[in-house]
Amino acid sequence: MEIIQIVGLGLIATVLTLIIKEQKPMFAFLLAAFTGILIFLFLVGKIASVIEVLENLAQRSGVNMIFLKTILKIIGIAYIAEFGAQIVRDAGQESVASKIELAGKILIMVMAIPIITVIIETVVKLIPG
């Protein structure tokens, strides 16, 4: 039932933000940002348990842990970049939000190079000649 708590917090924060926005737009932004951070912190425990399950599965299946950790870092970069871009968008800074998203995509590409390299090397080994 955590989703009810999260949605309830979001709705309360939204109503308060709309009320405060007329008088103090900076406080409204801070309330929205704080709410987003609070929701994220609420989910950290859930994320940690998912990572633990994935690590156990990878160990049992013999998958190289470096690949799993790289994929988890890529997922983390995507979520953090999206979260940051949304907060900046809430402040009305669309161009900065776009730059955050671009930086996230570039960092994901950089993190994916070792995995792409292994895939290409494997494919090349399979090709006769």
Side-chain angles (χ1 to χ4, degrees):
M1 287 314 204
E2 290 99 0
I3 191 65
I4 293 173
Q5 293 171 332
I6 292 170
V7 171
L9 176 64
L11 290 173
I12 291 168
T14 300
V15 169
L16 289 174
T17 301
L18 290 173
I19 293 169
I20 295 172
K21 195 173 193 174
E22 297 294 321
Q23 303 297 320
K24 304 276 186 181
M26 180 55 115
F27 287 130
F29 167 73
L30 290 174
L31 177 62
F34 176 75
T35 303
I37 292 168
L38 191 63
I39 290 171
F40 179 75
L41 291 175
F42 182 74
L43 297 173
V44 166
K46 304 291 183 193
I47 294 168
S49 60
V50 169
I51 291 171
E52 184 178 323
V53 168
L54 290 174
E55 286 176 345
N56 289 337
L57 286 172
Q59 286 176 347
R60 283 191 279 161
S61 65
V63 173
N64 191 339
M65 290 304 289
I66 292 176
F67 295 133
L68 177 66
K69 290 185 187 244
T70 301
I71 290 170
L72 291 174
K73 287 178 185 177
I74 288 170
I75 293 168
I77 290 169
Y79 281 134
I80 291 169
E82 178 67 21
F83 183 74
Q86 287 176 2
I87 288 176
V88 172
R89 254 190 211 98
D90 287 345
Q93 298 296 316
E94 181 66 35
S95 63
V96 176
S98 296
K99 303 312 182 279
I100 290 171
E101 289 173 340
L102 176 64
K105 290 173 186 175
I106 290 171
L107 289 173
I108 287 170
M109 186 173 55
V110 169
M111 293 292 299
I113 287 174
I115 295 173
I116 293 169
T117 303
V118 169
I119 291 171
I120 291 173
E121 288 173 355
T122 304
V123 169
V124 168
K125 288 178 187 175
L126 294 174
I127 297 175

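Quick caveat: nothing in here was measured; it's all calculated off a predicted structure.
Under the 4.5 Å side-chain heavy-atom criterion for Ile, Leu, Val, Met, Phe, Trp and Tyr, I75 and I119 are members of the same hydrophobic cluster. Note on I115 and V124: separate hydrophobic clusters, where clusters join Ile, Leu, Val, Met, Phe, Trp and Tyr whose side-chain heavy atoms are under 4.5 Å apart, directly or indirectly. Under a hydrophobic clustering in which Ile, Leu, Val, Met, Phe, Trp and Tyr are joined whenever their side-chain heavy atoms come within less than 4.5 Å, directly or via other members, L38 and F42 fall into the same cluster. With hydrophobic clusters built from ILVMFWY side chains whose heavy atoms lie under 4.5 angstrom apart, I120 does not share a cluster with I113. A chain of hydrophobic side-chain contacts below 4.5 Å, direct or via other Ile, Leu, Val, Met, Phe, Trp or Tyr residues, connects V50 to L72.
Within the model, atoms CZ of F83 and CD of Q86 stand 8.0 Å from one another, a figure rounded to the nearest 0.5 Å. The distance from atom NZ of K46 to atom CD1 of I51, rounded to the nearest 0.5 Å, is 14.0 Å. In this structure, the separation between CD1 on I87 and CZ on F40 is 10.0 Å, given to the nearest 0.5 Å. Expressed to the nearest 0.5 Å, how far CG of L107 lies from CD1 of I80 amounts to 10.5 Å. How far CD1 of I108 is from CE of M111: 9.5 Å, rounded to the nearest 0.5 Å.
Looking at V118 and N64, their side chains never come closer than 4.5 Å, going by heavy atoms from C-beta outward.
Between T70 and I66 the shortest heavy-atom distance is OG1-O, 2.7 Å. Counting all heavy atoms, side chain and backbone alike, T14 lies closest to G10 at OG1-O, 2.7 Å. Closest approach of E55 to L68, counting heavy atoms only: CA-CD2, 3.5 Å. Taking all atoms of both residues into account, the shortest heavy-atom contact from A97 to A85 is CB-O, 3.5 Å. Residues A81 and G104 approach most closely at CB-CA, 4.0 Å, considering heavy atoms.
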For residues 17-37, please give each side-chain donor-acceptor pair under 3.5 Å, one per line with the distance, not counting sequence neighbours.
{"residue": "T17", "atom": "OG1", "partner": "A13", "partner atom": "O", "Å": "2.6"}
{"residue": "T35", "atom": "OG1", "partner": "L31", "partner atom": "O", "Å": "2.7"}

>> side chain to side chain contact (heavy atoms under 4.5 Å, CB included), that's the test. Do L57 and R60 meet it? Break it down for me.
In response: CA-CA 5 Å; L57 286 172; R60 283 191 279 161; 3.6 Å; yes
>> Could you go through L43 and I6, starting from their C-alpha distance and side-chain angles, then the distance that decides it, and tell me whether this counts as side chain to side chain contact (heavy atoms under 4.5 Å, CB included)?
In response: CA-CA 10 Å; L43 297 173; I6 292 170; 3.8 Å; yes
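One finds a salt bridge joining E101 and R89 here, because a Lys/Arg side-chain nitrogen approaches an Asp/Glu carboxylate oxygen to under 4.0 Å.
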